[in-house]
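One structure below.
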Amino acid sequence: SSSSSSSRAPVLLCALWAFPRTNCGGALDHQNFCPVDLYFVLDTSESVALRQKPPNFYIDQIKEFTKRFIDELRDMRHQCDRVLTWNSGALHYSDEVIIIRELSDLSTHRQALKDDIDTIKYIGKGTYTDCAIKSGLAELLIGGSHYHENKYIVVVTDGHPITGYKEPCGGVQEAANEAKQHGVKVFAVAISPDQEDTRLSLIATDQSYRQNFTAADDSRSTKIGTIRTIIDMITNETKDVVFNLCLFSCLQGETGRPGMPGEKGDMGAPVSDSHSHLHGERGHKGYKGDKGQSGNDGIDGRKGEAGFPGLPGCKGSPGSDGLQGEFGPKGDSGPYGLKGVKGDLGRDGEPGRPGNYGPLGDPGDRGPRGADGDKGERGDDVSNNSVRKSTHLNLSFLPFQGEPGPRGEQGREGSTGPNGEPVRHIHTPISTHTTFEIGTNRKCKCAPLDLAFIVDSSESIGATNFALAKDFIITVIDRLAKDQQVKFAGNESKVSVVQYSGARAQEVVQLGTNIASLTEFKQVVRDLRWLAEATYTGEALDFALNNTIKLMRQENRVVLVLTDGRSDIIRDKVPLDVLCGKNIRVGGLGVKDYSGRQPNQEQLGNVVCKSDPKPGFSFVLDNFAELLDDTFLQNLTSRICQDKKCPDYKCPITFAQAADILIMMDSSASVGQKNFETSKAFVRNLAHRFLTAKSTGGPVRVGVAQYSRNARMEQVLTTNLTLLSHHIEEAAFQNDGTNVLQAMDFAVRTLRGRGDASGGVKKLVLFSDGRSQAITEAVLEKRVREVADAAIELYVIAVGSQVNEANLRMLVSRGRLDDISYAQRHLFRVPDYASLLRGVFSQTVSRRVSMRK
């Protein structure tokens, strides 16, 4: 009948949709649930893990954000007694994808999913976001509900990297398009506000699925706002699905009217009288009668009232992507940008090396003529080719000229010769414009060196910065060859490059081993590809030590480590000071990373061996472009070529009479252990000069002592250089107060007399900055006179700029403060302890000490 056909129509419509939880009845039970599938894709790559110290800082915030999100996913009642429910799962990724949990019903597995998220440990390598999105899409398509319009992905990432990165799964644009084709919507949530928004917008389905969502902002309200905005968007969109289900499975027609009664049946057979009092058996049920004749048409009823508006139709599926249009014409150039604000003042640079001596000052007023002096000794011969005349300095003011004094050392002021016979009225045509420059044709140059670059190629560096790092390597090599005359070839200087990233991710380029020429070496460096993984600096230093540094043969060995200073020291078990104590000078170049974070100063200090007897150096730059700055390159190449190869000015010394020389080292706390070790090396050089010098009047003996609060003899006066060197090496740092008065008294008692008839001299070489405990001007002057009365000639070596000038002048005055010339000959100054070992300083000191008073 027509009424029965109309009653079956809603049932057929419900069967067409075939939802496992769909029921056409009106009762509210588990079949009335409308599930939403939501999958979390969490970035735990290096650029997230090492964004802030400690490495788990942002990882923990991402986990807390995800768990809070899961707590907010609550069932919700929709129209037609439909209940919105949730299925959820999660994965995390770097250069691999790890499934944390497949889609699960949160009504029974909510806590289990949160517990699984708590177990996340960051991978900390490259960022394969495209692979992660496709893995999350696969989890949604094979599990959960059958209706794709109710499926969503939440991607939490920093959007790094932007360009130049290998994307093995086709790229984030392709992954986002594939999700869109399956009707799956993708939300893009940043780690912190305003990160790489261009790339995050590529990930999101459209801009409404981006909205500057944030997972790890400092403000808690921002994070909960992100969560509730996303949930509201999902619940609003799922209303279309609920309306669709109501339309086909909940709106049935009314029951039809009962049918007409059937026709009357035939009369039964007659019954005999004998059986009239008995009932017969019940007859069979009659067949249904034929349909009765149609009745007369009734009168037309009145027009009914207007019905309620119909329900909205279902949301259409996304259309297929159109063909790509032709490229438009190139746009006009944009206007010039505004000039940037002035940058912050840079850090104070380290003290520079001593500059050249300035020109002579104007002559003073002519003094009264002195008495005729004794004839001076003949000075050393000076070759003609090392003396040249120029027209810069007027010497006409010089009234007298003695015979030449002893030849001075290269690079420092020569000692003053004794006065000679007076000569009057010198008339020389060229003398008024003559200056003498000795040895200027013998210029120091960079000593042959072995140079190694160790370059960070991790993900946090970025492709653009890595390209700048390669340009920097080539520029430094060219600068060294041009400005410092370094020859990278043959048995001279060698160069190598090690680029590194994560575990066992190193690549070496070495001149002379696998590459023959410098031109080929540069090209191989240009062709290096960005590794973009984790940052294992310690492992890279150890790799370089075993593969390149151990092959170095030059005494001058320099290693430059270029990094953003963010090594993963939790997983990389190799210590960062692996190059320390290997007689290598390590230079650390720390550069801010792509997000503007400062290099880790502690890690940089460990790399350059700041506590090593031969410490390295470090530079901190704001960006990689500064690596190519001309001033920086000049400073860097000067540090690389700190060890110079200079002409061999042996400058032999001669003692005209026997001598006892006592050298007293300062071992007080203000000096420090490292500087004390440096002074020991200098004293060994000085002792070698004294004990190997020629002596025409008797033996030269040298003793070594040290003082702090108390004085202590390390080796009594001896002529045995081997024995003396051994005891200098064994000298232990006292690390106590400073008592220079006690040191001078100790020297007077030690140098009382030679015990022979040689008529020798006594000399004291004292390390002092003029500062001491319990010292006054009167007491110091008295002690200085006691030293002079004991016929001891005192020389003072002052290190650094933190000195007491008045006390220094008193120490070298013999108690005669007006004798400035004597004081100048007996006081030596250096800017720092390292300068004791540079140039010809030990030759200068030994030569002056060897001269007669």
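Note that the coordinates shown come from a computational prediction; the quantities given were computed from them, not determined experimentally. These values consider heavy atoms only, across backbone and side chains, with no hydrogens, waters or symmetry-generated copies.
Each of D736, L766, N739, L741 was compared with Y707 under the side-chain contact (heavy atoms from CB on, under 4.5 Å) criterion, and only L766 meets it.
With hydrogens and angles ignored, the 3.5 Å screen pairs a side-chain donor or acceptor of S772 with a backbone N or O of V740. Although no hydrogens or angles enter the test, the distance criterion places a donor-acceptor pair under 3.5 Å between the side chain of Q742 and the main chain of A711. Listed for the Q706 side chain is a donor-acceptor partner under 3.5 Å among the backbone atoms of A732. With N807 contributing its side chain and R771 its backbone, the two residues share no donor-acceptor pair below 3.5 Å. Here the side chain of R553 pairs no donor or acceptor atom with the backbone of E492 at under 3.5 angstrom. Judged by distance alone, with hydrogens and angles left aside, the side-chain atoms of S725 form no donor-acceptor pair with the main-chain N or O of T722 at under 3.5 Å. Put simply, the side chain of S708 never gets that close to the backbone of N710: no donor and acceptor are under 3.5 Å apart. Between the side chain of S493 and the main chain of A489, no donor-acceptor pair closer than 3.5 Å is present. Using a distance-only test at 3.5 Å, with no hydrogens or angles considered, no donor-acceptor pair links the side chain of K610 to the main chain of G605. Judged by distance alone, with hydrogens and angles left aside, the side-chain atoms of K782 form no donor-acceptor pair with the main-chain N or O of E777 at under 3.5 Å.
Checking H726 against Q715 by side-chain atom types alone, no donor-acceptor pair falls below 3.5 Å.
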>> With side-chain hydrogen bond (donor to acceptor under 3.5 Å, both in side chains) as the criterion, how do S638 and N635 come out once you've worked through the C-alpha distance, each side chain's angles and the decisive distance to 0.1 Å?
In response: CA-CA 5 Å; S638 296; N635 292 335; 5.7 Å; no

>> Does E677 form a salt bridge (charged side-chain N to carboxylate O under 4.0 Å, His left out) with R684? I'd like the steps, not just the answer.
In response: CA-CA 11 Å; E677 295 298 322; R684 283 197 299 271; over 6 Å; no

> Would S667 and N735 satisfy side chain to side chain contact (heavy atoms under 4.5 Å, CB included), going step by step from the backbone distance to the final call?
Replying inline: CA-CA 6 Å; S667 183; N735 194 29; over 6 Å; no

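Taking all atoms of both residues into account, the shortest heavy-atom contact from D542 to V574 is CB-CG1, 3.9 Å. The heavy-atom pair separating L764 from A747 by the smallest distance is CD2-CB, 3.6 Å. Between L604 and S618, the shortest heavy-atom distance links the atoms CD2-CB, 4.2 Å.
Ion pairing between a basic and an acidic side chain is recognised when a charged N comes within 4.0 Å of a carboxylate O; E786 and R814 show no such pairing. At a threshold of 4.0 Å, the pair R557-E555 does not count as salt-bridged, since none of the basic side-chain nitrogens sits closer than that to a carboxylate oxygen.
Looking at F841 and R838, their side chains never come closer than 4.5 Å, going by heavy atoms from C-beta outward. No side-chain heavy atom of F767 sits less than 4.5 Å from a side-chain heavy atom of M664. Side-chain contact between V486 and R479 is absent, with no heavy-atom pair separated by less than 4.5 Å. Taking 4.5 Å as the limit, every side-chain heavy atom of L636 sits out of range of all side-chain heavy atoms of Q634. Inter-residue side-chain proximity for L717 and V702 is flagged as unmet; no heavy-atom pair is nearer than 4.5 Å. Annotation: side chain of N720 is not in contact with side chain of L724 (no heavy-atom distance under 4.5 Å). Side-chain contact check for N547 versus Q510: every heavy-atom pair is 4.5 Å or farther apart. With contacts defined as side-chain heavy-atom distances shorter than 4.5 Å, the pair D666/S679 does not qualify.
Between atom CG of residue N556 and atom CD1 of residue I640 there is a gap of 10.0 Å, rounded to the nearest 0.5 Å. Going from atom CZ of R701 over to atom OG1 of T719 covers 8.5 Å, rounded to the nearest 0.5 Å.
The salt bridge (Lys or Arg N to Asp or Glu O under 4.0 Å) search around R816 returns none, not counting sequence neighbours. Remark: D745 engages R749 in a salt bridge (Lys or Arg N to Asp or Glu O under 4.0 Å) (not counting sequence neighbours).
Below 30°, between 30° and 60°, or above 60°: for F619 and F632 the angle between ring planes is above 60°, a perpendicular geometry.
At most 12 non-hydrogen atoms from other residues, nucleotides or ligands lie less than 6.0 angstrom from CD of Q802.
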